[in-house]
There are 2 protein chains.
Amino acid sequence: MRRIYLDHIAATPLHPEALAAMLPFLKERFGNPQSLHGEGQSVLEAVEEARGQVARLIGATAAEIIFTSSGSESNNLAVKGLALAGRAKGTHLVLSAIEHLSVLNAAKSLEKFGFRSTLVPVDGAGTVRPESVERALTKDTVLVSVMLANSEVGTIEPVAEIAKLCRAKSVLVHTDAVAAAGSLPLDVQALGVDALSLAGDQFYGPKGGAALFIKKGTRLLPQIDGGIQESGRRGGTENVAAIVGLGKAAEIALARRAERAAKAAELRDRLIDGLSRKIGHVLLTGPRAGRLPHQASFCIQFVEGEAMLLSLDMKGIAVSSGSACSSKALKASHVLLALGLDHATAQGSVVFSLLEDTTAEDIDDVIESFPPIIERLRKMSPLYTAYLKENPQ
Amino acid sequence: MRRIYLDHIAATPLHPEALAAMLPFLKERFGNPQSLHGEGQSVLEAVEEARGQVARLIGATAAEIIFTSSGSESNNLAVKGLALAGRAKGTHLVLSAIEHLSVLNAAKSLEKFGFRSTLVPVDGAGTVRPESVERALTKDTVLVSVMLANSEVGTIEPVAEIAKLCRAKSVLVHTDAVAAAGSLPLDVQALGVDALSLAGDQFYGPKGGAALFIKKGTRLLPQIDGGIQESGRRGGTENVAAIVGLGKAAEIALARRAERAAKAAELRDRLIDGLSRKIGHVLLTGPRAGRLPHQASFCIQFVEGEAMLLSLDMKGIAVSSGSACSSKALKASHVLLALGLDHATAQGSVVFSLLEDTTAEDIDDVIESFPPIIERLRKMSPLYTAYLKENPQ
């Protein structure tokens, strides 16, 4: 059976050119980049080349890039590393309510060390209002963390505006750009942020290859203590192959993201229009305009996300019902609740995220296959039966 | 020019079977193991299979294995995660003075949170005496961390004895088994430890694939907060390919480590004997017997480690002058100083570590090539000139 994979936000395939770049480092170029001999030094060059490639993707300098093992590690390093380094200044954090779990839980774990956090609410479309962030700032605030885009609802946040008002009050700003990196232009200068998280598996790079931008001169407390790697800011032998693959994927993303985004946005709109036309009681989550080009998310009333997902899977269509980091937790998503949706509606979440090679035919197949699935699931739903009784058609 | 790579402790090559096992996960099997659809679930199975393979290498159960990105991350997670989870009980740690930087610096960073550490000295051969550990324990001690073997001087530590006396006082024991995993048998039951760190790149697995054993029922505070991965103990999308490669390398290590160790020990002794015979003013660091089978380390008086290393590199021989995590820091190794060596002697450190495919011919080449290098370097050494003046031959 033909498979249609529409779960970019869980993982993208590795770009063949990125894999090709990685292979020598999984074979003959196995040296440790910290070794002084030839086997080490030639590998170090490759690591530093990748650092430049990642830096160019976001308008940073190579020295501002720290390699990590995942977007979650980057987020932890940013939140904990910046907060703990700034503890003398204050112990208050400001986060949006729809941050990734790795940001929210990192802030939560800082409570053990005397920090407290304010969660800034979002509007019904998932947008963080800059004035809400401003109101949350206190003279004790050391860090604001607002994501560049939310993978679950597709909302793009006004990070540049938020950063500007934080800068005016000398408060550091981190942005989790993991979901955005695949299709949005990223420029740390234009954004005005002090830290930015990236993960390769959101733009056709390898799992295990991720990065954190830390603006030059910004103090950061390492979270993996160890040796001299990453200028002492992150210990552990470098995952050379993943770093090289991340670099190559960054280079490709820089060259192709505009084209990727334009193509994806067209198909995304085709999907949104098609499903909205063919399914009743369906709610597009996140904004209609100004959302991630490759993402379309819905809450389908009277059905459960997991049942939809498994039914679609049986039809050869792979999608998600939210973040892969919490998908099995079976709780309603904190993101959807923050948008003001009730628990029952939030349970009906389904997220389509498009790859570079997704075709109009794929989208049309989904528009064809999905409505009968919903119809069947709703027939089994006591909630839907009750609804029909109260609202005879 | 033929290259002779004798720097196992910096990195081993990736075993071709481990690479073969990884490749599908760098190509078509790119799913996220937390995804509920087919692309995710088939990948999850592979991750869990690897967990079993790693568990079998050390006599643990699969549920006791947490995948991490490096030995340093495993060490950080063990030291910080166990200490912080046990903070209600006490805030004192006991470490050997020759632990890896990732253990020592993790303990140091805990000082910010009210912890203090006692460093237990070692004898001249680098051995931690169990009675020294016992003396260092206080009623406030929550964790003891003593490595299973030291990569710089080859010493194998009496961890089982240390763990036994700690268990009698209900103190948790972590052992850094990163350097040992390639060639020593590992059995967490026999060792009696509560936590054990491993890294794939020390036994022909991939960089980026590492693990921490945490004994069932032991409380651990996550260090990368995030989602539901690794049963909530380590957030971040799993580096599937690295995990699969680690699993395969563990399987191979379990089958071959006895044979690997026996062969390596023979060549190691050939190297020790040959160099001791041909070079004057040379000191074997670590014990003669009871050392890592694949490691031979020396301090060569009146020469600098870095000069030796670069000269050997030019002759096609890759070795190290200590841990790759600190090799460029150009300070005398804390390990050698802890053995009682003076700074000048410690500067002359050179560490040979043998691979599975190292041959007697390789060793004989080193025994042939190394003495003239030392002779040349000593001719340029003012220290050696002064020594000769005082001790005419």
Side-chain angles (χ1 to χ4, degrees), chain A residues 5 7 10-14 19 22 26-27 30-32 34-40 69-73 76 84 101-102 105-106 108-109 112-113 199 201 206-208 223-229 235-242 306 309-310 313 318-320 323-329, chain B residues 5 7 10-14 19 22 26-27 30-32 34-40 69-73 76 84 101-102 105-106 108-109 112-113 199 201 206-208 223-229 235-242 306 309-310 313 318-320 323-329:
Chain A
Y5 181 87
D7 199 5
T12 58
L14 180 59
L19 175 57
M22 291 165 71
L26 297 170
K27 295 178 178 171
F30 63 85
N32 184 318
Q34 299 305 329
S35 295
L36 285 176
H37 48 60
E39 282 80 355
S69 66
S70 67
S72 291
E73 188 191 336
N76 271 261
L84 290 167
L101 285 178
S102 55
N105 290 344
K108 201 166 178 56
S109 83
K112 292 186 192 69
F113 308 116
D201 62 2
K207 293 180 185 64
Q223 296 301 300
I224 300 181
D225 295 295
I228 56 175
Q229 296 92 356
T237 297
E238 298 87 343
N239 186 347
V240 177
E306 190 177 327
L309 198 157
L310 295 176
D313 188 39
V319 301
S320 117
S323 162
C325 298
S326 53
S327 64
K328 286 177 193 157
Chain B
Y5 181 87
D7 199 5
T12 58
L14 179 58
L19 175 57
M22 290 166 70
L26 297 170
K27 296 178 179 171
F30 64 83
N32 184 319
Q34 299 305 330
S35 296
L36 286 175
H37 48 60
E39 281 80 356
S69 67
S70 68
S72 290
E73 187 191 335
N76 271 262
L84 290 167
L101 285 178
S102 55
N105 290 344
K108 201 167 177 59
S109 83
K112 293 186 190 69
F113 309 116
D201 62 3
K207 293 179 185 64
Q223 295 301 300
I224 300 181
D225 294 294
I228 57 174
Q229 295 92 353
T237 297
E238 297 87 343
N239 186 346
V240 176
E306 190 176 328
L309 197 157
L310 295 175
D313 188 38
V319 302
S320 118
S323 163
C325 297
S326 52
S327 63
K328 286 177 197 159

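Residue numbering restarts at 1 for every chain, and letters A, B, ... go by the order of the sequence lines. Atom set for the values below is all heavy atoms of this structure, side chains included, hydrogens, waters and symmetry mates excluded.
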Would you check, one step at a time, whether the test side-chain contact (heavy atoms from CB on, under 4.5 Å) holds for L84(A) with K112(B)?
-> CA-CA 10 Å; L84(A) 290 167; K112(B) 293 186 190 69; over 6 Å; no

Is Y5(B) close to H37(A) at the side-chain level, that is, under 4.5 Å between some pair of heavy atoms?
-> yes

Leading residue by heavy atom contact count with chain B [cutoff under 4.5 Å; candidates D201(A), D7(A), L14(A), I224(A)] | I224(A)

Heavy-atom distances under 4.5 Å only: say whether [X] touches chain A with side chain, backbone, both or neither.
{"X": "E73(B)", "answer": "both"}
{"X": "A242(B)", "answer": "neither"}
{"X": "L309(B)", "answer": "side chain"}

K207(A) versus N32(B), closest heavy-atom pair with distance | CE-CA, 4.4 Å

Over all heavy atoms of both residues, which pair between G235(A) and S70(B) is shortest? Give the atoms and the distance, please.
-> O-OG, 4.5 Å

Heavy-atom distances under 4.5 Å only: say whether [X] touches chain B with side chain, backbone, both or neither.
{"X": "L310(A)", "result": "side chain"}
{"X": "N76(A)", "result": "side chain"}
{"X": "A241(A)", "result": "neither"}
{"X": "K108(A)", "result": "neither"}
{"X": "P13(A)", "result": "both"}

Atom CD of Q34(A) and atom OG of S320(B): how far apart are they, to the nearest 0.5 Å?
-> 12.0 Å

